[in-house]
Engineer: 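Pasting a structure below so you can have a look.
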Amino acid sequence: MTTTKFDRRVFLNLSGLTALSVGLPSCHLKPSTPAAGGPVAKLGSWEDLYRQRWTWDSVTKGSHGWLNCRSACNWDLYVKDGVVVREEQTANYEASEEGVPDFNPRGCQKGGCYTEVMYGPTRLTVPMKRAGARGEGKWRRISWDQAIEEIAEKLVDISEKHGPETIVQDLGPHFDYGATTVARNRFFGMMGAAMPDDWAEIGDLNMGATLTLGMPHIGGSSDEWFLSDFLVVWMMNPSVTQIPDAHFLFEARYNGAQLTVIDPIYSATAIHADHWLPLKPGTDAGLALATARHIWASGRIDLDYVREQTDFPILVRLDTGRFLRQSDLEEGGKDNILYMWDPAKKAAVPAPGCEGDRNSKIGLGDLVPPIEGLFEVRLKSGAKVQVVPVGALIKEHLAPWTFERAAALTGLGVEAVRTFAEGFAAAKRPMVLSSWGSNRYLHSDQMNRAKLLCLSLKGALGKEKGAGYHSTGWIGMNGFNKAVSEGTTGAFGGVKSLAAILGNDYTYGLILDKIAGRKSAAQVEHRIAKSLVSSAATLTNSGSQNYNHQGIKEILAKEEDHLYPRPLAAYVDESQDKGWVPVCPAPNKAPRAWITGGSNVLRRSNMPQRFLEHVWPKLDLVVDINQKNTFTGLHADYLLPAAGYYEKPGIKYTVAYIPYLQYCGAAVKPVGESKDEWEIFYLLSRAVQRIAKKRRTRALAGCGGKVVDLRTIGDRFTSGGKHGPHDAAKVTDSIIRKSASTKGVNLKALKKNGIAKFVNSGGTGIQENIYNSDWEGEGVLQALTDFVRHKASYMTLTGRQQYYVDHPWFLEAGEALPTHIDSPKAGGDHPFQMVSCHSRWSVHSVWRDTPMLLRLQRGEPQLYLNPADAKAIGVKDGAWGEISNDYGKIRMRIKYSTMVRPKVAYYFHAWEPHQFPDHRSYKFLTPGLMNPLHFAGGEGGQLGFFFGHFEPGTHVQDTRVAIAPWRDVEPTLRRETAT
């Protein structure tokens, strides 16, 4: 074994040198070698050299499976001499229906140069073990046998000494629906380890949609955009983040639609729009509220739709601000049966389809409840109270939101606000695109609730193709859940297993409701999924985990305690004491092992210096299972080389934008000594079982109280020997065969073509919320139609689109209704607001240091400023700036850009910290605010922890900084280079 010392600039070259040692040539091509005894090919001219370059041995259909990219594109992978020499887009997608453009071609510049990552200087190809202090850069190459044995020993040690819950499997944003993700979730679920959800922690969870609709992941296929007549791209930039889908926006314009982009930045999408509204960051709710007021005041409200589909008729007590409940009117009444006013009876009547109504249908029949008015009811005590419909409260709430008020708040002109509101009100099919980037302000929930309000008033959700809300929907593949839970009770185990976890009455009651037609299959699946992940599984959430262990409590208290009626800690303590949000490991148990892969927690997390100061010293084991070196890997104990996208079978995750199953074929063998994750976790499970048996390790209590028997984990992982170490393809194929949405798909044809159209929307689960049971693979995929066509109740307390949240926390904070709240000055009272966007040149950090793509941008982190601002602080275009706030300072180059509105500091995300001077990125200045109301629970409905639906997270767009020229830049950089 050899020990190598690396500085920060040399560390990431290690695996590139290793790649060369295993025979990978530059330019991805090997020199042709003749067969034994065969003639040597002669090149007679430069044309022969060119022709040889354009020859290949095989072509495989593939894609970039285990990657948090929503586009799912089919590629031809050309292989010569065992090396992928290039990737090329295909065009075998069909139009969903007549008159709508097809999905061709699909791909982007990242996919077109993945081989630059696959064979690039940061690729990991051999197992390595730390030979010095964490982060020091000393490593030695070890064998797989040694790596597996030592890691397994440590996992058993930690489980015995501290409990399995102190082992953290950092799921991260990258995943697929194939064997790669199955292996990770299967192994750590069986270990009883903590598996924190980071949807909200990375700022991607649409809590506003959950509060309103009971689910955050809304939307159908991207070709639906073409059918809209009024498109609003609101906090989204498809020209950068949805490159293969953006053409539908521009084709819709050719088709007569109006395209408006709402963004403080003149984005790559805004340049193609009819209107660009560069509002002040964080003021979006004000614009939406003024628009909603205008829709109602101008008589364009769809009254019948609003009565049936929204909570506008639901009665609210004026004395308490709470919904009128059956428990208010009857002894022994339920808290989740709510009321409407029946004009014919002149009395309050139970609202059809609310959570307590076992018949989960919201159809009103002959009932025509008012959405305005003032009424009186008698309580069970005999007292009389006044009640009003939610609609009356909303109308009163909207009254002050004039065009002038919205203009003053947003910085837009009055006429710009008026034009937008009138366009929305007049539209027949308005559609709002508001995806993951729309959730990164502390009060993004209010912004998204207000946007949805505009759509509800127009009757735009689930009613007509081309109208609605796209926050990124998902198609279900229940074969994936079966593969994860095979051999265990799992998240979607058999009926007996469910009954053992959830109770007989609850489980069999849901089944009877389904048989009797009182609940749809989707509703039953949704309720079971929520109950399981909040009670029996090892799932938790990254936000709570970070709050408890990262050393950020004092920082967040300083930032937020003055913003709410009570300190943040009071909300968190109440939530954790009452079990509203599962916390694993417990607040008094520090994490002892951190297993990551592709999630790069020290790059993506806010205040990573606090991770290194408070979490890392307590860890007995840090393992990065990855295809490439990262900043987190630099601070790991072991680096295990994972197979790349073209080296293992898989299924691209099933975002509904493209309603096709994308199969990821293995074009070549894994580079160097890399292994696919199925084999890695197979080996770990066998080693852990062998060690636990030898030690006679007793049964242990894992995360969530789950009983863990490490002596059988290997047998359970393999389903009693059913699966072997090289069965990634077998597992992946099984997922396809067992999924309802891919029923009848021919596997042979799928692997030949790379894609197959889904045959239905696949039901519901954790993130699958299409709710269109009528779609059978034909036509444009539209979301939420079950609620309108079949009158299914929404997964909310009211059973409807809910705009009034009567939880005591929301009432005391003044956030029961959608409203505007000023963006707080996180990081201190400094003049610039830092606003980030996803980058065109990378998906997270995977391509961030790829030389080819660095040459296509500016090659290093840049902060974009309005030229007037930059000149005022004395920073020249292209010069170094020093960016600072209450948490320190970092350095970045400043780029003049008129696309940025004044007092905004704009940057593209995902740069690695080691790409900055001093290894300090903008994340070191970002406190990552946490909304205390997102810890709420205990009231039923849509509130309370639900993996991928409702949970606390962190918010970065409120961060404030000061900027000045970096005066001592040259001496500092010279010192760094010398070091």
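Numbers here simply count residues along the sequence, with the first being 1.
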Engineer: Is it the case that Ser471 and Ser434 place a side-chain donor and acceptor less than 3.5 Å from each other?
Structural biologist: no
Engineer: State, with a plain yes or no, whether a side-chain heavy atom of Gln258 is found less than 4.5 Å away from one of His275.
Structural biologist: yes
Engineer: Suppose we call two aromatic rings close when their centres sit under 6.0 Å apart. Are Phe611 and Trp594 close by that rule?
Structural biologist: yes
Engineer: Quick one: are Pro281 and Val904 in side-chain contact, heavy atoms under 4.5 Å?
Structural biologist: yes
Engineer: Consider only side-chain N and O atoms of Gln782 and Asn772, and report whether a donor and an acceptor are under 3.5 Å apart.
Structural biologist: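 Note: Gln782 and Asn772 side chains miss the donor-acceptor criterion.
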Engineer: Side chains of Ser839 and Ser842: do they bring a donor and an acceptor to under 3.5 Å?
Structural biologist: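 No - no donor-acceptor pair under 3.5 Å links their side chains.
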Engineer: Ser239 versus Phe250: any side-chain heavy-atom pair under 4.5 Å?
Structural biologist: yes
Engineer: Ring centroids only, cut at 6.0 angstrom: are Phe924 and Phe916 within range, meaning strictly under it?
Structural biologist: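 For Phe924 and Phe916, the ring centres are not under 6.0 Å apart.
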Engineer: Using the benzene-type ring in the case of Trp, are the ring centres of Phe103 and Tyr657 under 6.0 Å apart?
Structural biologist: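 No: the rings miss the under 6.0 Å criterion.
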Engineer: Could you walk me through whether Phe945 and Phe935 pass the ring pair (Phe, Tyr, Trp, His ring centres under 6.0 Å) test, one step at a time?
Structural biologist: CA-CA 8 Å; Phe945 174 74; Phe935 287 88; over 10 Å; no
Engineer: Can you check whether Gly437's main-chain N or O pairs, donor with acceptor, with Ser435's side chain at less than 3.5 Å?
Structural biologist: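 Checking the backbone N and O of Gly437 against the side chain of Ser435, no donor-acceptor pair under 3.5 Å is found.
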Engineer: Does one side chain, of Thr954 or Asn606, offer a donor that lies under 3.5 Å from an acceptor on the other?
Structural biologist: yes
Engineer: Verify the distance criterion only: is there a donor paired with an acceptor across the side chains of Asn439 and Asn448 at less than 3.5 Å?
Structural biologist: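 A pair is found: one side chain offers a donor N or O, the other an acceptor, under 3.5 Å apart.
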Engineer: Among Phe480, Trp474, Trp199, which one satisfies ring-ring contact (aromatic ring centres under 6.0 Å, His included) with Phe175?
Structural biologist: Trp474
Engineer: Looking at Asp958, is its backbone amide N or carbonyl O close enough to the side chain of Arg960 to form a donor-acceptor pair, meaning the two atoms are under 3.5 Å apart?
Structural biologist: yes
Engineer: Might you work through the side chain to side chain donor-acceptor pair (under 3.5 Å) test for Thr212 and Tyr803, ending with a clear yes or no?
Structural biologist: CA-CA 6 Å; Thr212 306; Tyr803 290 99; 5.3 Å; no
Engineer: Is the shortest side-chain N to carboxylate O distance from Arg70 to Asp245 below 4.0 Å?
Structural biologist: no
Engineer: Passes ring pair (Phe, Tyr, Trp, His ring centres under 6.0 Å), Tyr114 versus His64? Steps please.
Structural biologist: CA-CA 8 Å; Tyr114 172 67; His64 312 90; 5.7 Å; yes
Engineer: Is there side-chain contact between Phe424 and Phe230, with heavy atoms separated by less than 4.5 Å?
Structural biologist: yes
Engineer: Regarding His820 and Asp822, is there a side-chain donor-to-acceptor distance under 3.5 Å anywhere?
Structural biologist: yes
Engineer: Taking atom types as modelled and ignoring hydrogens, do the side chains of Asn68 and Tyr653 form a donor-acceptor contact shorter than 3.5 angstrom?
Structural biologist: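 Looking only at side-chain atoms, Tyr653 and Asn68 do form a donor-acceptor pair, the distance falling under 3.5 Å.
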Engineer: Determine whether the side chains of Gln767 and His949 contain a donor N or O and an acceptor N or O closer than 3.5 Å.
Structural biologist: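 Side-chain D/A pair, Gln767 to His949: absent.
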